[in-house]
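Every chain is numbered from 1 and lettered A, B, ... according to where its sequence line falls, protein lines coming before strand lines.
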There are 2 protein chains.
Amino acid sequence: MLSKKTKYGLKALTYMAKKESRDPVLISKIAKDENISKKFLEIILLQLKNSGFLGSKKGKGGGYYLIREPEDITIASLIRILEGPIAMLPCVSLNFYEKCDDCKDEETCSLSKLMIEVRDSTLKILENKTLADLTQSTLSA
Amino acid sequence: MLSKKTKYGLKALTYMAKKESRDPVLISKIAKDENISKKFLEIILLQLKNSGFLGSKKGKGGGYYLIREPEDITIASLIRILEGPIAMLPCVSLNFYEKCDDCKDEETCSLSKLMIEVRDSTLKILENKTLADLTQSTLSA
DNA sequence: TTAAAAACCTACTAATTTGGTAGAGTATTA
DNA sequence: TAATACTCTACCAAATTAGTAGGTTTTTAA
């Protein structure tokens with residue numbers, strides 16, 4: 001399960017990507033419109049800035065703004081920044097690999113083959129979806 | 001990420017499924033062979049028993065044993081028991097659905113469509129893999 | 001019939017993560 | 001120069017995770 005932090009981050013970025021202009025958007029505006037705690041969102045957007053996804057401007061007329069095209073930001077890259085590993089086990093993670101302390105040998109681990117399969121099928125989606133895809137409103141009818 | 005509880009549970013069940021006989025297996029034997037804390041494993045196997053996957057026998061010659069064929073136990077069902085939801089968000093979970101408190105409307109949520117897609121691709125694998133599949137040793141060469 | 005074996009049960013615990021809040025500091029602009 | 005709005009430091013409570021300790025009950029076999 002994704003944490004609220006990740007969920008809020010994705011929603012906030014989608015909010016910004018949906019706007020036609022790239023003018024700075026207030027934290028407080030996003031927080032209100034998306035029902036997110038403002039203080040919590042501050043932390044999240046700051047992290048996204050420090051990770052190179054957002055720029056910011058202080059003072060009146062300030063706020064956060066996207067510094068890359070939504071089409072160029074994969075959901076996988078965002079989840080990795082906000083959440084961490086996408087794989088179900090650290091020992092099959094591509095970006096956050098960690099050795100299992102209980103496994104003698106990764107080659108013979110009964111779980112790793114399956115978990116690699118799950119990882120790859122998830123990545124196939126998340127690496128190919130971008131922020132731009134999230135801005136397409138999901139028609140329900 | 002799966003918790004250690006889930007990981008240990010899956011490994012313990014695989015261990016039992018690999019044996020040709022269905023005689024009771026000691027917690028302590030599994031714990032030792034799989035490098036799992038015995039006390040922690042006690043909790044896990046008890047839960048699997050209460051969920052209908054294992055039987056147990058007390059006293060000398062006792063232990064835990066599978067009460068279903070490995071072919072009939074999907075990995076998805078085990079993860080749901082041990083871990084909980086498989087989906088990335090509660091609002092798109094089939095078995096552990098919960099409404100999002102921050103979403104006005106699920107139909108228009110920017111994330112839900114994508115998260116349903118991820119869920120379905122993961123389930124396609126996990127619903128079709130069984131304990132029997134985990135017993136096939138993964139040839140590395 | 002009694003001792004050992006082994007699951008079962010209750011109760012704790014420490015460390016980490018999660019999801020926040022409070023308030024002061026700093027840069028910018030009108 | 002005052003208001004605005006991001007930034008930083010410092011807390012905090014609750015939940016979760018991954019255990020541990022120790023006793024109870026049931027069963028088997030000598």
Side-chain angles (χ1 to χ4, degrees), chain A residues 1-12 16 23-32 34-51 53-67 79 81-85 88-90 96 98 100-102, chain B residues 1-12 16 23-32 34-51 53-67 79 81-85 88-90 96 98 100-102:
Chain A
M1 298 277 282
L2 298 178
S3 62
K4 297 213 170 181
K5 183 177 155 193
T6 302
K7 185 183 163 196
Y8 293 164
L10 291 175
K11 289 180 84 171
M16 288 189 247
D23 292 339
V25 187
L26 292 184
I27 299 177
S28 51
K29 171 82 170 130
I30 304 175
K32 199 181 171 201
E34 296 288 343
N35 289 304
I36 303 170
S37 145
K38 189 198 157 195
K39 278 296 189 180
F40 194 23
L41 189 55
E42 277 185 12
I43 299 167
I44 298 167
L45 295 187
L46 190 58
Q47 186 181 355
L48 288 168
K49 183 201 163 188
N50 293 332
S51 308
F53 293 99
L54 295 175
S56 68
K57 200 158 172 292
K58 288 185 177 180
K60 188 160 194 183
Y64 278 103
Y65 51 90
L66 285 171
I67 56 176
I79 291 182
I81 290 296
L82 293 165
E83 187 78 19
M88 283 186 153
L89 291 178
F96 297 85
E98 264 177 78
C100 287
D101 35 353
D102 56 304
Chain B
M1 298 279 282
L2 297 178
S3 62
K4 297 212 170 181
K5 183 178 156 192
T6 302
K7 186 184 164 195
Y8 292 164
L10 291 174
K11 287 180 85 170
M16 287 190 248
D23 292 339
V25 187
L26 293 184
I27 299 177
S28 51
K29 172 81 170 130
I30 304 175
K32 198 180 170 202
E34 296 289 341
N35 289 305
I36 304 171
S37 144
K38 188 199 158 195
K39 279 295 187 180
F40 193 24
L41 189 56
E42 276 186 15
I43 299 168
I44 298 167
L45 295 186
L46 190 56
Q47 185 181 355
L48 287 169
K49 183 201 164 190
N50 293 334
S51 308
F53 293 98
L54 294 176
S56 69
K57 198 157 172 292
K58 289 184 176 180
K60 188 161 193 182
Y64 280 101
Y65 50 90
L66 285 172
I67 56 177
I79 291 182
I81 291 296
L82 293 165
E83 187 79 18
M88 284 187 152
L89 291 178
F96 297 85
E98 265 178 77
C100 289
D101 35 353
D102 56 305

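Among the atoms of the strands shown, only primed sugar atoms or phosphate atoms (P, OP1, OP2) are found under 4.0 Å from some heavy atom of A:Ile27.
To the nearest 0.5 angstrom, A:Leu46 atom CG is 11.0 Å from A:Ile44 atom CD1. In this structure, NZ on A:Lys29 lies 13.0 Å from CE on A:Met16, to the nearest 0.5 angstrom. Atom CD1 of B:Ile43 sits about 8.5 Å away from atom NZ of B:Lys5, to the nearest 0.5 Å. Taking CE from B:Met1 and CE from A:Met1, the interatomic distance works out to 16.0 Å, rounded to the nearest 0.5 Å.
In this structure, the side-chain contact (heavy atoms from CB on, under 4.5 Å) partners of A:Ile67, at least two apart in sequence or on a different chain, are A:Tyr65. The side-chain contact (heavy atoms from CB on, under 4.5 Å) search around B:Asn35 returns A:Asp102, A:Lys104, not counting sequence neighbours. Remark: A:Ile27 pairs with A:Lys38, A:Leu41, A:Glu42, A:Leu45, A:Tyr64 by the side-chain contact (heavy atoms from CB on, under 4.5 Å) rule, at least two apart or across chains. Residues passing the ring-ring contact (aromatic ring centres under 6.0 Å, His included) test with A:Phe40 are A:Tyr8, sequence neighbours excluded.
Put simply, CG on B:Leu48 is 14 Å from P on C:dA7, counting in whole angstrom units. What separates NZ of A:Lys32 from C1' of D:dA5 is a distance of 17 Å, to the nearest Å. Following rounding to the nearest Å, A:Lys38 (NZ) and D:dT4 (P) show an atom-to-atom distance of 12 Å. For the pair B:Asp23 CG and C:dA6 P, the computed distance is 14 Å after rounding to whole Å. Distance, B:Tyr65 OH to D:dT27 P: 11 Å, rounded to whole Å. Put simply, CD on A:Gln47 is 16 Å from C1' on D:dC6, counting in whole angstrom units. Across the protein-nucleic acid pair, A:Leu26 atom CG and D:dA5 atom C1' stand 7 Å apart, rounded to whole Å. For the pair B:Met1 CE and D:dA18 C1', the interatomic distance rounds to 15 Å; values are reported in whole Å.
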Please write out the pairs of protein N or O atoms and N or O atoms of nucleotides 17-20 of chain C separated by less than 3.5 Å, giving the distance to one decimal.
from	atom 1	to	atom 2	distance (Å)
C:dG19	OP1	A:Lys4	N	3.4
C:dG19	OP2	A:Lys4	N	3.1
C:dG20	OP2	A:Tyr8	OH	3.2

Every protein N/O lying under 3.5 Å from an N/O of nucleotides 26-30 of chain C:
from	atom 1	to	atom 2	distance (Å)
C:dT29	OP1	A:Lys57	NZ	2.8

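Between the side chain of A:Glu83 and the backbone N or O of A:Ser3 there is at least one donor-acceptor pair closer than 3.5 Å.
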